[in-house]
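Notes follow the structure.
The sequence lines fix the lettering, A, B, ..., with proteins before strands; numbering per chain opens at 1. Values below: every heavy atom of this structure, side chains too, minus hydrogens, waters and symmetry copies.
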Number of protein chains: 2
Amino acid sequence: MKTVSARRPVENKPAKVRRRDREKTKAEILQIAFEEFAESGLLGANADAIAAKAGITKRLIFYYFNSKEELFIAVLEMAYGKMRLAEEDLHLATLEPEAAIRRLAEFTFDFHQANPEFVRLVAIENIHRGRHIQRSEKLTQMTRPIIGQIERVLAKGKSLGAIRPEIDAHELHMTLNALSIFSVANRHTFEAQFRWDMTSPSATTRRRAEITEVLWRYVRSDERSATVDQ
Amino acid sequence: MKTVSARRPVENKPAKVRRRDREKTKAEILQIAFEEFAESGLLGANADAIAAKAGITKRLIFYYFNSKEELFIAVLEMAYGKMRLAEEDLHLATLEPEAAIRRLAEFTFDFHQANPEFVRLVAIENIHRGRHIQRSEKLTQMTRPIIGQIERVLAKGKSLGAIRPEIDAHELHMTLNALSIFSVANRHTFEAQFRWDMTSPSATTRRRAEITEVLWRYVRSDERSATVDQ
DNA sequence: CTCGCAATTATCCAGCGGGTTAATTAAAAA
DNA sequence: TTTTTAATTAACCCGCTGGATAATTGCGAG
């Protein structure tokens, strides 16, 4: 029994292994579908194309996911689930307020930069008025750990006098997401209008710093004077 | 000859007046197409539906605009043109720096709030990677007067020491647009995730103030010390 | 009045694409 | 081995929709 290629251990089952595996097949469909939906939208994505790229028959998609729309929901669930996981790895609690805010900003920016397909998917879902996210038990139940983390950072910062007491966690999260998502989602129309490069490393680095600065200057307390308004 | 309704002057030509008017027909198609594209996207929009709502035949759409894609481009041109016009009415030059920045923020926010279809259209065009905006001579040539206005405000503010010298007009415009557009474009996924109302008058008012504050705090100079960096 | 042209309509068509019907086959159970 | 069940496939169906063909009609010019 000679192994022709010593590198790759010869497997018992040749070629078409991995079939008849419910979970694996579903996962593969889901991954390809994610790419297709993110690329072409709910209507633009094509069931035949998904099947072809996943190396299966179209019928199988409907066998597991019933309809294109339910497949889209499953894709959304997967994508949001991954973000949630990433957010859990953020440990802001140990940092000082300013460092925590800056780290939060950079993490969020980097995440969106690294996952443009996710950003596109969210944009697509918004075009559909959040119809699918609403229909999903899993998604409406899913908590976003990042909100709790932000709240803790704010509480600490406020008690130390480093952060303004009026700052609200949700508003902050919205502000940061808006800034961070825009750089990916509205890239094309912005670039076309202003001939402004948004994808080069230098432009991205600059924008990252800019957003971090915007966020920190927004939350930090004004040390200058106690009578700002008068 | 009694007029049943004294209000509405009886017109000579009954019912199907207003046809055989090239410009008017085109404008009507464009308006309906704008609504349909903003509602359903490039693929979702239906030529038959546009024709029906415009009270014409589908053939007429292709007679004037050749293809669905060219119609979409024409719609984009119209929509961006309107924004450009609105921007010209902004007179920031006369205002003091802080007032100008706040007014700019409020104007931008209000514009997007008042024109959600426009925001949706831009999102849709970005999903298509700005393919159409690039193809349009008119759009790639179209200047955005608001950039010049921002530059003038910044110059004035910097010379008065009210605005930080590092602030760049394009970055500022990007920041403001991101914040302002997000409130409309990502409404649905955000609301679904956080059960956070974004459409009520009170929420909108709050967000408007928040964005204005973010922007001003971002651009204003730190009066506290002259040696910020050292 | 009528001629010519441009605006408009009625009708058709072909391909695409989501979804289905029914047969097949791999693997687990007996 | 046989049976059973579930995963997978092949082939089909049919409504929808962008676009095309060709006929028609209103209007302005002469």
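Comparing C/dT20, C/dT8, C/dG19 by their nearest atom to the side chain of B/Leu60 picks out C/dT8. Residue B/Phe62 places its side chain closer to D/dG18 than to any other of D/dG18, C/dG17, C/dA7. For B/Ile56, the listed nucleotide lying nearest its side chain is C/dT9; candidates were C/dT8, D/dT17, C/dT9.
As rounded to whole Å, 10 Å separates atom P of C/dG19 from atom CG of A/Leu71. Distance OH (B/Tyr63) to C1' (C/dA10): 17 Å, rounded to an integer number of Å. Taking atom CZ on B/Arg22 and atom P on C/dA7, their separation rounds to 4 Å, with Å as the unit. Between the CG atom of B/Asn46 and the P atom of C/dG17 there is a distance of 16 Å, given to the nearest Å.
Side-chain N/O atoms of A/Lys58 and base N/O atoms of C/dG18 include a donor-acceptor pair closer than 3.5 Å. Side-chain atoms of B/Arg59 stay outside donor-acceptor range of the base of C/dT11, with no qualifying N/O pair under 3.5 Å. On a pure distance criterion of 3.5 Å, no polar donor-acceptor pair joins the side chain of B/Arg20 and the base of C/dT8.
B/Arg135 and B/Glu70 are not joined by a salt bridge, as no carboxylate oxygen comes within less than 4.0 angstrom of a charged side-chain nitrogen.
Side-chain atoms of B/Lys26 do not come within 3.5 Å of backbone N or O of B/Phe65 as any donor-acceptor pair.
Between A/Ser67 and the phosphate of C/dG18, there is no side-chain N or O to OP1/OP2 separation shorter than 4.0 Å. Remark: A/Thr25 is not in phosphate contact with D/dA7, judged by side-chain N or O atoms under 4.0 Å from OP1 or OP2.
Between A/Ile146 and A/Glu88 there is no side-chain heavy-atom pair separated by less than 4.5 Å.
Using a 4.0 Å heavy-atom cutoff across all strands shown, B/Ala51 reaches no nucleic acid atom at all. Across all strands, A/Tyr64 comes closer than 4.0 Å only to sugar-phosphate atoms, never to a base (heavy-atom distances).
Here the shortest heavy-atom pairing between B/Glu125 and B/Arg131 reads OE2-N, 3.4 Å.
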